[in-house]
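Keep in mind that this is a model prediction, so the values were computed, not measured.
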Amino acid sequence: MSGAVLLALVGCAPGQAVASTAPHGEAAASAAEPKAAPKTILFIGNSFTQGAHSAARNWRAGSVTDLNKAGYGGVPALFKLFTEQAGLDYRVSLETQGGKTLGFHYDERRALFDRSWDVVVLQELSTLDRAKPGDPTNYLRDVARLSALFRARNPAVDIRLVSAWTRADQTYKPKGHWYGKPVSAMAEDLRAAADRARAANPAVAGVLPVGQAWNRAMREDVADPNPYDGIGYGQLDLWAYDHYHASVAGYYLSALVTFGAVTGIDPTTLGPKEKGADELGLSDAQAAALQRVARDTLANAA
């Protein structure tokens, strides 16, 4: 093709410079910058992380990586969706087994997760010790073992401990370890254990006050404190049908607290039209109320 023909095709007269269509200036610099790698976060836990006994269990499972290939979504999938709506890029993984302690994961499953992670969320058995409910001895040991493992892979790892909710069956049933105590008592005992584990392990950046958020929701009449005597009008039941695991609302609140604590973003910025709440059957008003509870709990967290 002759030069005259080429100039005619690009709309330039002979002797006129051809304008470059390549990026230049700030655009060129921006195009040259590699995209930042997503942050990696690992959730280790049991049925409370899986979203067991609720519609959250297998919800959006394809958005997260289940290291056991069991197909769970649960709290990790909610966290993932929240980060996407907030414009953040997280690669979310989980390693869970129902009814197991953190010690089980360290002893039996660590080959699956023994690598570098940016953030790790550790969720212990609901009663801490099956044989001795409320005893934090093994919990303290296992947080230390897991923290050492993750810190060896990434000295800057951000480790968070889940302080879970009160189980209604442990509070209102005569055989429950917390029977006869206020509904808030079990959650406060779990928080005390998590605080001890954090104090003993410098790699632990903080405690996720999920149980304290549940207590606040009940104290502020967002949620009903006793599912055995019926649910108050306009109040949410945070427990599933077994009064042990969480309902969709309970897991939603757990994920909101996790999202706010890990990212530093106010959960209320997700808004009443938040996608996860809508897909899982929570109303706009319920979503907004739970977001406010999560925000206020985090704002007052020690």
### Task
Could you please spell out the steps behind the side-chain contact (heavy atoms from CB on, under 4.5 Å) verdict for W117 and I41?
CA-CA 6 Å; W117 302 90; I41 181 170; over 6 Å; no
### Query
For N46 and Q123, does a side-chain donor sit closer than 3.5 Å to a side-chain acceptor?
yes
### Message
Within the 3.5 Å criterion, strictly below it, is a donor on Q291 or E274 matched to an acceptor on the partner's side chain?
### Response
no
#### Entry: Test log, rule side-chain contact (heavy atoms from CB on, under 4.5 Å), inputs L253 and V293
CA-CA 8 Å; L253 181 54; V293 168; 4.1 Å; yes
### Query
Would you find more than 12 non-hydrogen atoms of other residues, nucleotides or ligands less than 6.0 Å from R130 atom CZ?
no
### Query
side-chain contact (heavy atoms from CB on, under 4.5 Å) between Y251 and Q50: does it pass, once the steps are laid out?
CA-CA 9 Å; Y251 289 123; Q50 293 169 356; over 6 Å; no
### Heavy-atom closest contact (N215 atom, A187 atom, distance)
ND2-CB, 3.7 Å
### Query
Are D221 and Q235 side-chain neighbours, meaning at least one heavy-atom pair lies under 4.5 Å?
yes
### Task
Go through the steps to decide whether H105 and E95 satisfy the test side-chain contact (heavy atoms from CB on, under 4.5 Å), and finish with yes or no.
CA-CA 8 Å; H105 295 282; E95 195 285 294; 2.6 Å; yes
## Note on the structure
Looking only at heavy atoms, the pair that brings A86 and I265 closest together is CB-CD1, 3.9 Å
### Student check: side-chain heavy atoms of V121 and V162 closer than 4.5 Å
yes
#### Entry: Salt bridge present between D189 and R191 (N-O < 4.0 angstrom)
no
### Message
Taking D114 first and then R153, would you say they form a salt bridge - that is, a charged N and a carboxylate O separated by under 4.0 Å?
### Response
yes
### Message
Take a 6.0 Å sphere around CZ of R91 and say whether it holds more than 12 heavy atoms from other residues, nucleotides or ligands.
### Response
no
### Message
Looking at every non-hydrogen atom in both residues, tell me the closest pair between L190 and A164 and how far apart they are.
### Response
CD1-O, 3.6 Å
### Message
Checking H243 against Y228: is there a side-chain donor and acceptor pair closer than 3.5 Å?
### Response
no
### Message
Regarding E220 and R292, does a basic nitrogen lie under 4.0 Å from an acidic carboxylate oxygen?
### Response
no
### Query
Within the distance-only criterion (no hydrogens, no angle test), does the side chain of N58 pair as donor or acceptor with the backbone N or O of G71 below 3.5 angstrom?
yes
### Task
Look up atom CD in Q212 and atom OG in S184, then write down how far apart they are to the nearest 0.5 Å.
9.5 Å
### Query
Can you tell me if N68 uses its side chain to pair, donor with acceptor, with the backbone of A70 under 3.5 Å?
no
### Query
Counting N and O atoms only, with roles assigned by atom type, does the side chain of T166 sit under 3.5 Å from a partner on the main chain of V183, one being a donor and the other an acceptor?
yes
#### Entry: Y179 side chain reached by K173 side chain, heavy atoms, under 4.5 Å
no
#### Entry: V157 vs V120 side-chain heavy atoms within contact, under 4.5 Å
yes
### Query
So do R216 and D296 actually touch side chain to side chain, heavy atoms under 4.5 Å?
yes
### Query
Just by modelled atom types, is the A203 backbone N or O under 3.5 Å from a matching donor or acceptor in the N201 side chain?
no
### Task
Assign the ring pair W239 / W214 to parallel, tilted or perpendicular, where the plane angle (0 to 90°) is split at 30° and 60°.
perpendicular
### Task
For the residue pair V143 and E124, establish whether any side-chain heavy-atom pair is separated by less than 4.5 Å.
no
### Message
With heavy-atom distances below 4.5 Å as the criterion, would you say the side chains of V92 and T65 are in contact?
### Response
no
### Query
Does S247 use its side chain to pair, donor to acceptor, with the backbone of D237 at less than 3.5 Å?
yes
### Query
Any side-chain heavy-atom pair from H177 and M186 closer than 4.5 angstrom?
no
### Task
Could you go through the ring-ring contact (aromatic ring centres under 6.0 Å, His included) check for F82 and Y90 one step at a time?
CA-CA 10 Å; F82 295 163; Y90 275 81; over 10 Å; no
### Task
Examine R110 relative to Y106 and say whether NZ or CZ is less than 6.0 Å from the centre of the six-membered ring and inside a 45° cone about the ring axis.
yes
### Query
How close do V257 and A213 get, heavy atom to heavy atom, and via which atoms?
CG2-CB, 3.6 Å
#### Entry: Smallest separation among heavy atoms of R60 and A77, with atom names
O-CB, 3.8 Å
### Task
Kindly give the heavy-atom pair with the smallest separation between A289 and V222, and that separation in Å.
CB-CG1, 4.1 Å
### Message
Can you tell me how the ring of Y244 sits relative to the ring of F48, calling it parallel under 30°, perpendicular over 60° and tilted otherwise?
### Response
perpendicular
### Query
Between D142 and R145, is there a side-chain N and carboxylate O pair less than 4.0 Å apart?
yes
### Query
Any Lys/Arg nitrogen of K273 or D278 sitting under 4.0 Å from an Asp/Glu carboxylate oxygen of the other?
no
### Message
Keeping D224 on the side-chain end and L236 on the backbone end, is there a donor-acceptor pair under 3.5 Å?
### Response
no
